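Predicted, not measured: the structure shown is a model, and the values here were computed from it. For the single chain, residues carry numbers from 1 onward in sequence order.
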Amino acid sequence: LYYQVLNFAMIVSSALMIWKGLIVITGSESPIVVVLSGSMEPAFHRGDLLFLTNFHDDPIRAGEIVVFKVEGRDIPIVHRVIKIHEKENGNIKFLTKGDNNEVDDRGLYKEGQNWLEKKDVVGRARGFLPYVGMVTIIMNDYPKFKVCI
């Protein structure tokens with residue numbers, strides 16, 4: 001039993017070190033995310049696993065897919081940048097929209113907010129693995145499934 005507990009502790013600590021290492025390497029607080037909705041189809045589907053980076057020197061461009069957090073929402077959103085608004089002082093604001101949505105994301109932003117800023121970005125999509133994150137979706141949709149695991 002002692003060796004099983006020790007083995008489990010080693011696995012957990014190794015996973016934590018890998019995760020922290022990915023955070024440092026990618027510059028993103030969440031270097032891997034799961035797409036939870038169909039709002040980005042056909043680019044990404046529910047359950048796709050996205051790999052993110054978030055280097056602050058890299059400018060945000062229209063057409064790029066970003067993952068952002070909005071005040072008052074716990075879950076980050078994966079959508080495409082559709083418009084960039086650059087001020088004279090160099091500050092950039094931008095507008096997003098899901099590829100599969102009819103309207104832009106202004107209805108998702110906090111009340112009175114019309115644009116996102118770089119501080120809202122968790123990361124930018126750099127690659128993906130299709131449907132690998134379905135386990136996460138199943139555990140969220142069917143909480144009893146967590147008990148089985």
Of Leu95, Asp120, Asn114, the one forming a side chain to side chain contact (heavy atoms under 4.5 Å, CB included) with Tyr109 is Leu95
Check whether more than 12 heavy atoms from other residues, nucleotides or ligands sit under 6.0 Å from atom OH of Tyr3, and answer yes or no. no
Do Leu52 and Val81 share a hydrophobic cluster (ILVMFWY, side-chain heavy atoms under 4.5 Å, transitive)? no
Do Asn101 and His79 touch side chain to side chain, with heavy atoms closer than 4.5 Å? yes
Any sub-3.5 Å donor-acceptor pair from Asn54's side-chain atoms to Val121's backbone N or O? yes
Going by an N to O cut-off under 4.0 Å, is there a salt bridge joining Glu102 and Lys97? no
Interatomic distance, Leu36 atom CG to Arg46 atom CZ [nearest 0.5 angstrom]: 7.0 Å
Side chains of Ser37 and Ser39: any donor to acceptor distance under 3.5 Å? yes
Knowing that exactly one of Ile82, Val70, Thr96 qualifies, which makes a side chain to side chain contact (heavy atoms under 4.5 Å, CB included) with Asp105? Thr96
Output the distance between atom CG (Leu116) and atom CD1 (Ile60), rounded to the nearest 0.5 Å. 8.5 Å
Does Leu108 form a side-chain contact (heavy atoms from CB on, under 4.5 Å) with Arg73? I'd like the steps, not just the answer. CA-CA 9 Å; Leu108 298 175; Arg73 292 181 181 263; 3.5 Å; yes
Between the CG atom in Leu49 and the CE atom in Met134, the distance rounded to the nearest 0.5 Å is 12.5 Å
Heavy atoms only: give me the nearest Asn89-Asn91 pair and the separation to one decimal. OD1-N, 2.9 Å
Between Phe55 and Gly27 the two heavy atoms that sit nearest each other are CE2-N, 4.3 Å
Quick check for you: to the nearest 0.5 Å, what is the distance between Arg80 atom CZ and Asn100 atom CG? 12.0 Å
Less than 4.5 Å apart, side chain to side chain, heavy atoms only: is that true for Phe128 and Val35? no
Are the side chains of Ile92 and Lys118 in contact, using a 4.5 Å heavy-atom criterion? no
Grouping I, L, V, M, F, W and Y whenever their side-chain heavy atoms are under 4.5 Å apart, do Ile65 and Val33 come out in a common cluster? yes
Atom pair CG/OG1 of Leu22 and Thr53 - distance to nearest 0.5 Å: 12.0 Å
Steps toward side-chain contact (heavy atoms from CB on, under 4.5 Å) verdict (Val122, Glu29): CA-CA 6 Å; Val122 173; Glu29 67 185 62; 3.8 Å; yes
Does the side chain of Asp58 reach to within under 4.5 Å of the side chain of Arg124, using non-hydrogen atoms? yes
Consider only side-chain heavy atoms of I, L, V, M, F, W and Y, link residues closer than 4.5 Å, and tell whether Ile23 and Ile32 are in one cluster. yes
Walk me through it: do Asp48 and Met40 pass the test side-chain contact (heavy atoms from CB on, under 4.5 Å)? CA-CA 11 Å; Asp48 287 355; Met40 279 303 294; over 6 Å; no
For residues Gly123 and Ser28, report the shortest heavy-atom separation together with the two atoms involved. CA-OG, 4.1 Å
Would a single hydrophobic cluster contain both Leu50 and Ile18, if residues Ile, Leu, Val, Met, Phe, Trp and Tyr are joined by side-chain heavy-atom contacts under 4.5 Å? no
Hey, quick one: are Val34 and Phe51 part of the same hydrophobic cluster, counting side-chain heavy atoms closer than 4.5 Å, chains of contacts allowed? yes
Any side-chain to backbone donor/acceptor pair from Lys110 onto Gly72? Under 3.5 Å, distance only. no
Flag side-chain contact, heavy atom, 4.5 Å: Phe44 against Asp99: no
To the closest 0.5 Å, what do you measure between NZ (Lys69) and CG (Asp74)? 8.5 Å
